[in-house]
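Just the heavy atoms: all of them, side chains too, but no hydrogens, waters or symmetry mates, feed the values below.
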Amino acid sequence: MTKKTPPSMDLWLKEAKQHESAPKIGMYLTHNGIVRQSARAKVRLGDQDAAPVSGMLFSYDQEKVDQIIQETYAQEGIYYIRVWLNEGQLEVGDDIMFVLIGGDIRPHVIDALQYLVGRIKTECVVETELHQ
């Protein structure tokens, strides 16, 4: 599996603002996850002895992603969602995912972004950290 070329967020926003849902939208939020050098065990669990990350093997289940996107659309005030996920062997600094979400008001959009990204990360992807 070869890593993909990331999308242009400028182009995504331009397309979103031309979409039929645009008149209902008062806010767009983006998320760009990247491969970091600090190991998950260090960042999330406080393990100061965790070895630095040199890269990551990344894959995902598109069917599950699509299902979670549809469930996110069911949330109040959410009218636009676009998701891109990378795959393959990634290096530190490479993009893991891009998410663009649009909705009526800030609280709805923030909640929906957290819901969507959280579920993708916990239910759809396989991330295997590579260490030096």
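- At a threshold of 4.5 Å between non-hydrogen side-chain atoms, the residues Asp104 and Ile25 do not count as touching.
- In summary, the side chains of Gln62 and Asp66 do present a donor paired with an acceptor at a separation below 3.5 Å, with no hydrogens or angles considered.
- Using a 4.5 Å heavy-atom threshold, the side chains of Ile120 and Met97 count as touching.
- Atom CD of Glu71 sits in a crowded spot, with more than 12 heavy atoms from other residues, nucleotides or ligands closer than 6.0 Å.
- When atom types are taken as modelled, the side chain of His108 and the backbone of Gly103 share no donor-acceptor pair closer than 3.5 angstrom.
- Contact annotation: the side chain of Val83 approaches that of Leu116 to within less than 4.5 Å [non-hydrogen atoms, C-beta and beyond].
- With values rounded to the nearest 0.5 angstrom, Leu57 atom CG is found 5.5 Å from Gln89 atom CD.
- Atom OG1 of Thr5 sits about 8.0 Å away from atom CH2 of Trp84, to the nearest 0.5 Å.
- For an aromatic pair to be called close, the ring centres must be under 6.0 Å apart, and Tyr80 with His19 satisfies this.
- Under the 3.5 Å distance criterion, with hydrogens and angles disregarded, no donor-acceptor pair is assigned to the side chains of Asp94 and Asn86.
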For a side-chain contact (heavy atoms from CB on, under 4.5 Å) check, start with the C-alpha distance between Ile68 and Cys124, then their side-chain angles and the critical distance, and finish with the verdict. CA-CA 9 Å; Ile68 291 168; Cys124 303; 3.4 Å; yes

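- Note: Ile34 CD1 to Glu91 CD = 13.0 Å, rounded to the nearest 0.5 Å.
- The shortest non-hydrogen separation linking Pro6 to Asp95 is CG-OD2, 3.2 Å.
- Criterion: ILVMFWY side-chain heavy atoms under 4.5 Å apart, direct or through other members. Under it, Ile96 and Tyr115 are not part of a common hydrophobic cluster.
- The backbone N or O of Phe98 lies less than 3.5 Å from no partner atom in the side chain of His31, so there is not a single donor-acceptor pair.
- Taking CD of Glu87 as the reference point, atom NZ of Lys3 lies at 12.5 Å (rounded to 0.5 Å).
- The backbone N or O of Leu85 lies less than 3.5 Å from a partner atom in the side chain of Lys4, making a donor-acceptor pair.
- Linking Ile, Leu, Val, Met, Phe, Trp and Tyr whenever their side-chain heavy atoms come within less than 4.5 Å leaves Leu100 and Leu29 in two separate clusters.
- Here CG of Asp111 is found 7.0 Å from CD of Gln75. Values are rounded to the nearest 0.5 Å.
- At a threshold of 4.5 Å between side-chain heavy atoms, the hydrophobic network of Ile, Leu, Val, Met, Phe, Trp and Tyr places Leu113 and Val65 in one connected group.
- Heavy atoms from other residues, nucleotides or ligands lying under 6.0 Å from CD of Glu63 number 12 at most.
- Side-chain atoms of Thr72 never come within 3.5 Å of backbone atoms of Ala112 as a donor-acceptor pair (strictly under, hydrogens ignored).
- One hydrophobic cluster, built from ILVMFWY side chains closer than 4.5 Å, cannot hold both Val117 and Tyr79; they sit in different ones.
- The two residues Glu129 and Ser38 come nearest to each other via the heavy atoms OE2-O, 4.5 Å.
- In this structure, the side chain of Tyr28 engages the main chain of Ala16 through a donor-acceptor pair within 3.5 Å.
- A side-chain donor-acceptor contact under 3.5 Å links Tyr73 to the backbone of Ile81.
- Tracing side-chain contacts under 4.5 Å through hydrophobic residues (I, L, V, M, F, W, Y), one reaches Met56 starting from Tyr60; they form part of the same cluster.
- Annotation for Gln37 and Val92: closest pair N-CG1, 3.9 Å, computed over non-hydrogen atoms.
- With rounding to the nearest 0.5 Å, the separation of CG in Leu13 from OG1 in Thr30 is 7.0 Å.
- Closest non-hydrogen pair, Ala22 versus Lys17, comes out as CB-O, 3.4 Å.
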